[in-house]
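A note on names: the letters A, B, ... follow the listed sequences, proteins ahead of strands, and every chain is numbered from 1.
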There are 2 protein chains.
Amino acid sequence: MDAIDLSLVDLLRGNARLSYAELARQVGLSAPAVHERVGKLEAAGVIRAYRAEVDPETIGLSVTALISVVEDSGADTDDVLEAFRAIPEIESCYFMAGVESFLIKVRVATIAELERLIVRVNRTPGVASTRTSIALSTKWENRPQPVAPPS
Amino acid sequence: MDAIDLSLVDLLRGNARLSYAELARQVGLSAPAVHERVGKLEAAGVIRAYRAEVDPETIGLSVTALISVVEDSGADTDDVLEAFRAIPEIESCYFMAGVESFLIKVRVATIAELERLIVRVNRTPGVASTRTSIALSTKWENRPQPVAPPS
DNA sequence: ACAGTCCGTGGACGCCATCGACCTGAGCCT
DNA sequence: AGGCTCAGGTCGATGGCGTCCACGGACTGT
């Protein structure tokens with residue numbers, strides 16, 4: 001992970017569809033060299049995936065909410081996690097410090113669906129209680145912070 | 001936005017680096033047709049960006065925290081937002097229902113940096129108080145939920 | 001000094017992106 | 001009905017790109 005790798009990571013976080021030729025121009029290497037570096041970054045788990053970022057509203061997911069989950073004392077955290085993983089509406093899942101073990105971010109189409117989802121989460125074994133906060137608007141999300149000093 | 005568009009969106013959310021030729025094969029159209037559809041999806045704001053998803057740990061951002069922000073009564077929300085936007089460590093920013101106007105997700109290298117960041121957020125004009133929760137681990141993040149029925 | 005390794009370059013070749021020309025079907029006007 | 005128009009597709013061509021390979025220079029340990 002030298003400076004060039006960091007530049008490549010930054011470039012691809014900004015635009016994952018840049019061609020290797022273009023990346024090569026930006027970092028001052030040849031295309032095959034960049035190809036190999038990016039391949040190694042993927043293999044090393046630095047780059048996990050390339051994703052199109054989609055406006056949730058336009059695909060009918062207008063409601064974003066964050067749900068804090070308190071576990072039952074004696075609940076098996078792994079089981080709860082597994083149950084959560086099976087719920088596709090849970091977009092992100094953090095294991096937190098504090099009384100509320102999990103914070104999950106969910107995305108659904110309507111408030112009615114959110115209600116059903118909350119019930120479902122509350123009913124999963126090991127969950128003692130939940131607290132839901134609704135996001136009125138998403139100002140921004142997953143903004144990549146630059147990691148390489150601008151060349 | 002017909003079924004083919006939804007498939008394209010799903011495919012690109014799964015792998016943003018798929019070639020147009022490959023997308024074309026998957027949806028049963030020609031490459032130029034797919035090229036035009038994807039272009040329109042971008043122009044319409046459905047696809048906002050293509051991003052490489054990077055493991056934060058590997059680029060030295062080991063600490064994730066969520067900070068709830070309570071505004072001063074009479075604070076100008078837009079000013080607060082603008083100030084937040086200038087803080088690169090704030091990766092996501094939601095405007096919430098409830099007493100705590102904002103929920104922000106931040107990513108920093110160390111706990112010491114988190115402390116400095118919290119101080120900085122607290123000091124921005126319009127912010128009355130904050131409440132920080134540290135994510136001990138990220139189970140998953142930004143998992144795309146499929147929107148098109150699997151063909 | 002020498003061999004091995006790492007990491008790059010340059011060339012070659014097939015595939016892909018992308019443009020323009022053309023085709024087809026739906027909707028609409030007369 | 002017939003023909004116009006337009007949206008949105010296919011096809012073909014071409015230039016650039018991805019990717020494989022052989023090769024070469026800088027470091028390193030012996």
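Side-chain atoms of B:Arg51 come within 3.5 Å of backbone N or O of A:Arg13 as a donor-acceptor pair. Between the A:Asp10 side chain and the A:Val147 main chain, a donor and an acceptor come within less than 3.5 Å of each other. For the pair B:Glu100 (side chain) and B:Arg131 (backbone), a donor-acceptor distance under 3.5 Å is absent.
Between the CD atom of B:Glu36 and the P atom of D:dC6 there is a distance of 15 Å, rounded to whole Å. Distance, A:Ile4 CD1 to C:dC7 C1': 11 Å, rounded to whole Å. Atom pair A:Arg37:CZ and D:dT19:C1' shows a separation of 18 Å (rounding to whole Å applied). If you take CG of A:Leu29 and P of C:dC6, they are 18 Å apart, rounded to a whole angstrom.
Judged as a side-chain hydrogen bond (donor to acceptor under 3.5 Å, both in side chains), the pairs with a partner in residues 73-90 of chain A (not counting sequence neighbours) are, in order, A:Glu71-A:Thr77.
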Identify the pairs formed between an N or O of the protein and an N or O of nucleotides 16-18 of chain C at a distance under 3.5 Å, and give each distance.
residue	atom	partner	partner atom	Å
C:dC16	OP1	B:Arg25	NH2	3.4
C:dA17	OP1	B:Tyr20	N	2.8
C:dA17	OP2	B:Tyr20	N	3.3
C:dA17	OP2	B:Ala21	N	2.9
C:dT18	OP2	B:His35	NE2	2.5

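Taking the ring pair (Phe, Tyr, Trp, His ring centres under 6.0 Å) definition, one finds that A:Tyr94 meets it with nothing, sequence neighbours left out. Remark: A:Ala86 pairs with no residue by the side-chain contact (heavy atoms from CB on, under 4.5 Å) rule, at least two apart or across chains.
Side-chain N/O atoms of A:Lys40 include one lying less than 4.0 angstrom from OP1 or OP2 on C:dC7.
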Legend entry - Verdict with supporting geometry, A:Arg17 and B:Glu42, salt bridge (charged side-chain N to carboxylate O under 4.0 Å, His left out): CA-CA 13 Å; A:Arg17 278 182 82 81; B:Glu42 293 167 2; 5.4 Å; no
Inset, instruction - Between protein and nucleotides 23-28 of chain D, map the contacts as a letter string: B base, S sugar-phosphate only, - none, heavy atoms under 4.0 Å, written 5' to 3'. - result: ------
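Under a 4.5 Å side-chain heavy-atom criterion applied to ILVMFWY residues, the cluster that includes A:Val119 comprises that residue alone.
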